[in-house]
Amino acid sequence: MDMIHVYQEGKNPAAPTLVLLHGTGGNEHDLLGLGAMISPESALLSVRGKVLENGMPRFFRRLAEGVFDEEDLVLRTAELQAFLDAAAAEYGLDRSNMVAVGYSNGANIAASLIFHEQESFRGAVLHHPMVPRRGLQLPALGGMPVFIGAGANDRICPPHETEELTELLRGAGAEVDVHWENYGHQLTGTEARAAADWFKRTFGQAARD
């Protein structure tokens, strides 16, 4: 429990807990509104990255824009996994019923956790993610539902990154839906609403059980 975070109890204990993971320079408050939009009845667990880049919080170091420090990424991925296990015990949450919601750097650490841990999340909403690591044998994802929001004109996360990540996840058995916007790296309102619609279609019945 050594990561700064915000926890908001949900209205429906059966609804998946949303794990909110901000982008570079963000904090644990940035995605609370997005989480409430995606699943109004879910508990929200919003985490602040521990790495600072010129004073801006991130979840792992990078060597340059688009070039990850893989050693640090592996370390921070394990750190986030341990934190989520501890938070589930602390707040009485079902660890197997967590869905990641990440933007940019937060989406990348969520994708890294999926790449490294078979039971990392029940599903994921990834806004503008990149391929976290290459050359790995991904765990069997067994139909894990994943939403990817992408920008056709995103210079930070170009379309080929989205396409490669999609193929890697599908190759491991995930069910991936990609939503394209004709914009850049920003998270737009229409993309957020598309994620909310996807979440309702994917988890709505489970949340009501």
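What's counted below: heavy atoms across the whole structure, side chains too, no hydrogens, waters or symmetry copies. All residue numbers in this chain count up from 1 along the given sequence.
Exactly one residue among Ile109, Leu169, Leu165 makes a side chain to side chain contact (heavy atoms under 4.5 Å, CB included) with Pro129. That residue is Leu165.
In this structure, Thr202 OG1 and Arg122 CZ are separated by 10.0 Å, a value rounded to the nearest 0.5 Å. Note that CD of Gln8 and OG1 of Thr17 are 12.0 Å apart. Values are rounded to the nearest 0.5 Å. Within the model, atoms CD of Glu161 and CD1 of Ile156 stand 12.0 Å from one another, a figure rounded to the nearest 0.5 Å. Annotation: the span from Leu126 atom CG to Tyr103 atom OH amounts to 13.5 Å, rounded to 0.5 Å. Rounding to the nearest 0.5 Å places CE of Met37 at 11.5 Å from CG of Leu31. Rounded to the nearest 0.5 Å, atoms CG (Leu18) and CZ (Phe199) are 5.0 Å apart.
Ion pairing between a basic and an acidic side chain is recognised when a charged N comes within 4.0 Å of a carboxylate O; Glu164 and Arg134 show such pairing. Under a 4.0 Å N-O distance rule, the pair Glu53/Arg61 does not qualify as a salt bridge. Salt bridge present: Asp2 and Lys50 bring a charged side-chain N and a carboxylate O closer than 4.0 Å.
Cluster annotation: Leu84 is connected to Met3 through the hydrophobic network of ILVMFWY side chains, with a link wherever side-chain heavy atoms come within less than 4.5 Å. Both Val178 and Val131 are part of a single hydrophobic cluster, where members link through side-chain heavy atoms under 4.5 Å apart. By the rule that hydrophobic residues join a cluster once side-chain heavy atoms approach within less than 4.5 Å of another member, Phe83 and Tyr91 end up as members of one cluster.
In this structure, Leu34 and Val101 approach most closely via the heavy-atom pair CD2-CG1, 3.8 Å. Summarising the geometry of Leu187 relative to Ala192, their closest heavy-atom pair is CD1-N, 4.3 Å, with the distance given to 0.1 Å. Minimum heavy-atom separation, Ala87 to Leu93: O-CD1, 4.3 Å. In terms of heavy atoms, Ser104 sits closest to Gly23 at CB-CA, 4.3 Å. Taking all atoms of both residues into account, the shortest heavy-atom contact from Gly123 to Phe203 is CA-CZ, 4.2 Å.
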### Query
Where do His128 and Tyr183 land on the ring-ring contact (aromatic ring centres under 6.0 Å, His included) test, with the steps shown first?
CA-CA 11 Å; His128 303 262; Tyr183 294 101; 9.8 Å; no
### Task
Any chance you could lay out the side chain to side chain contact (heavy atoms under 4.5 Å, CB included) test for Glu181 and Thr190, step after step, and finish with the verdict?
CA-CA 8 Å; Glu181 297 267 326; Thr190 52; 2.8 Å; yes
### Message
side chain to side chain contact (heavy atoms under 4.5 Å, CB included) for Phe115 and Thr77? Distances and angles first, verdict last.
### Response
CA-CA 10 Å; Phe115 271 40; Thr77 298; over 6 Å; no
### Task
Apply side chain to side chain contact (heavy atoms under 4.5 Å, CB included) to the pair Ser120 and Met98, showing each step before the final yes or no.
CA-CA 8 Å; Ser120 55; Met98 289 184 173; over 6 Å; no
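No donor-acceptor pair closer than 3.5 Å links the side chain of Glu28 to the backbone N or O of Ile4. Gln186 contributes a side-chain N or O that, together with a main-chain N or O of Gly184, makes up a donor-acceptor pair within less than 3.5 Å. For Ser112 (side chain) and Asn108 (main-chain N/O), no donor-acceptor pair under 3.5 Å exists by modelled atom type. The backbone N or O of Asn12 sits nowhere less than 3.5 Å from a side-chain atom of Glu41 that would complete a donor-acceptor pair. Remark: the backbone N or O of Ala14 is paired with a side-chain donor or acceptor of Asn97 at under 3.5 angstrom.
When side chains are defined from C-beta on, Leu44 counts as touching Leu20, because their heavy atoms get closer than 4.5 Å. Counting heavy atoms from C-beta on, the side chains of Thr24 and Phe59 never come closer than 4.5 Å. Between Trp180 and Asp154 the shortest side-chain heavy-atom distance does not fall below 4.5 Å. Within the 4.5 Å cutoff, the side chain of Leu113 has heavy atoms near those of the Phe121 side chain. Taking 4.5 Å as the limit, some side-chain heavy atom of Ile148 sits within range of a side-chain heavy atom of Thr162. Considering only heavy atoms from C-beta on, Leu63 stays 4.5 Å or farther from Phe68 through its side chain. The shortest side-chain heavy-atom distance between Leu52 and Pro57 falls under the 4.5 Å cut-off. Leu80 places a side-chain heavy atom less than 4.5 Å from the side chain of Leu21.
A side-chain donor-acceptor contact under 3.5 Å links Glu191 and His127. For the 3.5 Å distance criterion, the side chains of Arg48 and Asn27 fail to qualify, holding no donor opposite an acceptor. Side chains of Ser46 and His5: no donor on one and acceptor on the other come within 3.5 Å. With 3.5 Å as the limit, one finds a donor-acceptor pair spanning the side chains of His116 and Arg133.
Taking the ring axis of Phe60 as reference, the NZ or CZ atom of Arg58 stays within 45° of it and closer than 6.0 Å to the ring centre.
Classified by interplanar angle (parallel below 30°, tilted 30° to 60°, perpendicular above 60°), the ring pair His179/Phe147 is parallel.
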